[in-house]
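Structure, as C-alpha cells:
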Number of protein chains: 2
Amino acid sequence: MGPAATGAGALASEALLRIGEAALRLGVSERALRYYEEIGLVVPAHHSPGGNRRYGEAELARVRRIRELQDLMGLNLDEIRTVLDREDRLEDLRARWHASDDDAERREVLGEVLAVTAPLREQVERKRRRLEAFLGELDERMAHYRDLLGELDGPPPSLSAARTRAGRRPSPADRS
Amino acid sequence: MGPAATGAGALASEALLRIGEAALRLGVSERALRYYEEIGLVVPAHHSPGGNRRYGEAELARVRRIRELQDLMGLNLDEIRTVLDREDRLEDLRARWHASDDDAERREVLGEVLAVTAPLREQVERKRRRLEAFLGELDERMAHYRDLLGELDGPPPSLSAARTRAGRRPSPADRS
DNA sequence: ACCGTTCCTGACGTTGACGTAAGATGGCGA
DNA sequence: TCGCCATCTTACGTCAACGTCAGGAACGGT
C-alpha cells in the first residue's frame, strides 16, 4: 500500500468540505448539520483552528444514512443514534478484528453485532410487509375502478343496453 | 329504499361509541379524536344533544386509516386529509354511480379517482422499493457477519490464506 | 493588508400533533 | 332527584427538528 493504509477511517488528504458545500451536496441545511453535531450525531472530521467545520466522506455518508432512516423508517434522531452507534461499534470491530489474535473476543463482538442488527432488520421487514399489504390494497381498488371504466368504454352489449335505456334505477341487488 | 338500505353510510342502530370507548379500541387518545374533529378530519357520526360525541364503525375505520398513513407512509395530517378526501369522493361516486344515468359523468369521476389514486400508489411503491433495498443491504451485512462467525466456529483448512483478502465468497453452503 | 464571502456562536421563533389541567356540563343507574 | 363518572370546552404547555436572525470572526484570493 501507499504511504498510509487508507482503510475505512478518514485519513490525510481527503478533500474535506466546508459546511456550505457539504450541505449543498447532501441537500440538507447548514443548520441541520450544526444541529447534528450539537446532539453528537455527526461530528465533523475536523475543525479548523478558527473553528470551521470540515466534513469528510464518512460524515457525508453518515448524514445520508440519517436521512434515509428518517424518511424510510420514520425514526427520530434518538432512535437513529442507537442505530448509528451500533454501526460505529461495528467499525470498531473491523479494526479490532485484524488487530486481535483472540478469537473469543471476535466471537463475542460478532455475536453482539448480530444480536443488535437483527431487531432492526425485523423492524424493517415488518414495515415492508405492511407496506406491501397496503400496496396490494391500493392495487385492488385501482383494478376495480379500471374494470368499471372498462365496462363503460367497451360495454358488453347486453349490459349497457339494458342499463342505459330509460334512466332506470339500478337493480336492487348489486353491491360490489 | 326499504326501511334501511344500510349501504356504505352509517345508519340507524349501529351501537355508537362514546369517545372513551372509541379511543380505547383504537389505541389513541381522546384528545387525538377531538383534535381530528377540530381540524375536520374525522367528524363523529353524531353529537348527542348535550354535545357528546358518538362514533360509528366508519369513523373508527377512518381513524385506523389515519394511523396507518402516519405510521407507514409518514404523511402528516394535511396530506392524509387529501388522501381521505379522495376516498370520500370515491364513496360519493359509489352512490352517484347507481343514481346516475349519465355515463359521461361516471367516466369523468372514475377517471378523476384513478388519476388521483395513482400518484399515491407510486409513492407507496417507491417507498417499498427503497425499503427493500435497505433490507437487502442489512441482510447482506448480516450474512457477512455470519460468515465470519462461521469461519471462527468451524475454521476452514486454509484459514490464513483465505481470509486475508476475501470480502465474500459466493459459495452458498456454509451453515453448520 | 484588504475585503467580499462564508462561517461562527448564541438565542429566540416555528410548526405539527397532540398533552394536560381547570371548571363546567351531560348521561344515567339507584 | 341525587350522585358520580365520563365528557365538554378553553386554553396554555410540550417536544422534536430544525428555521431565522444578529453580531462578529475566519477564509482565501489579490
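Letters A, B, ... mirror the listed sequences (proteins, then strands); counts begin at 1.
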For the [atom1] atom on [X], are there more than 12 heavy atoms of other groups (residues, nucleotides or ligands in this structure) within a distance under 6.0 Å?
{"X": "B:Arg64", "atom1": "CZ", "value": "yes"}
{"X": "A:Glu122", "atom1": "CD", "value": "yes"}
{"X": "A:Glu137", "atom1": "CD", "value": "yes"}

Check nucleotides 2-4 of chain D against the protein and report each pair of N or O atoms closer than 3.5 Å, with its distance, or say if there are none.
none

Using whole Å, report how far [atom1] of [X] lies from [atom2] of [N].
{"X": "B:Glu21", "N": "C:dG27", "atom1": "CD", "atom2": "C1'", "value": "15 Å"}
{"X": "A:Leu24", "N": "C:dT5", "atom1": "CG", "atom2": "C1'", "value": "15 Å"}
{"X": "B:His47", "N": "C:dG27", "atom1": "NE2", "atom2": "C1'", "value": "15 Å"}
{"X": "B:Glu38", "N": "C:dT20", "atom1": "CD", "atom2": "P", "value": "17 Å"}
{"X": "A:Leu17", "N": "C:dC7", "atom1": "CG", "atom2": "P", "value": "11 Å"}
{"X": "B:Ile19", "N": "C:dG19", "atom1": "CD1", "atom2": "C1'", "value": "14 Å"}
{"X": "B:Tyr55", "N": "D:dA6", "atom1": "OH", "atom2": "P", "value": "17 Å"}

B:Arg53 side-chain N/O to C:dG27 phosphate OP1/OP2 under 4.0 Å
no

Under 3.5 Å, is there a donor-acceptor pair between the side chain of A:Glu21 and the main chain of A:Arg18?
no

Does A:Arg25 use its side chain to pair, donor to acceptor, with the backbone of A:Leu17 at less than 3.5 Å?
no

Is B:Arg141 salt-bridged to A:Glu87, going by a charged N under 4.0 Å from an acidic O?
yes

Run the salt-bridge test on A:Glu125 and A:Arg129 with the 4.0 Å N-O cut-off and return the result as yes or no.
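Between A:Arg129 and A:Glu125 there is a salt bridge, with a charged N closer than 4.0 Å to a carboxylate O.
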
Give the cluster check for B:Leu24 versus B:Ile66: same hydrophobic cluster or not, with ILVMFWY residues linked at side-chain heavy-atom distances below 4.5 Å.
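No, B:Leu24 does not connect to B:Ile66 through the hydrophobic network.
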
I'd like to know whether A:Glu38 forms a side chain to side chain contact (heavy atoms under 4.5 Å, CB included) with A:Arg31, so could you lay out the CA-CA distance, the side-chain angles of the two residues, the decisive distance to 0.1 Å, and finally the verdict.
CA-CA 10 Å; A:Glu38 197 180 323; A:Arg31 179 64 171 96; 3.7 Å; yes

Look for any protein N or O under 3.5 Å of an N or O in nucleotides 27-30 of chain D and output each such pair with its distance, or none.
residue, atom, partner, partner atom, Å
D:dC27, OP1, A:Ser48, OG, 2.8
D:dC27, OP1, A:Gly50, N, 3.2

Just checking A:Arg34: base, sugar-phosphate only, or nothing, at a heavy-atom cut-off of under 4.0 Å?
base

Could you list all N or O pairs between the protein and nucleotides 17-21 of chain D that sit under 3.5 Å apart?
residue, atom, partner, partner atom, Å
D:dA17, OP1, A:Leu77, N, 2.9
D:dC18, OP2, A:Tyr36, OH, 3.0
D:dC18, OP2, A:Gln70, NE2, 3.1
D:dG19, OP2, A:Ser29, OG, 2.4
D:dG19, N7, A:Arg31, NE, 3.3
D:dG19, O6, A:Arg31, NH2, 3.1
D:dT20, O4, A:Arg31, NE, 3.1

Taking the side chain as everything from C-beta on, heavy atoms only, tell me whether A:Glu79 gets closer than 4.5 Å to A:Gln123.
no

Tell me which one of A:Thr82, A:Asp78, A:Leu77 satisfies side chain to side chain contact (heavy atoms under 4.5 Å, CB included) with A:Ile80.
A:Leu77

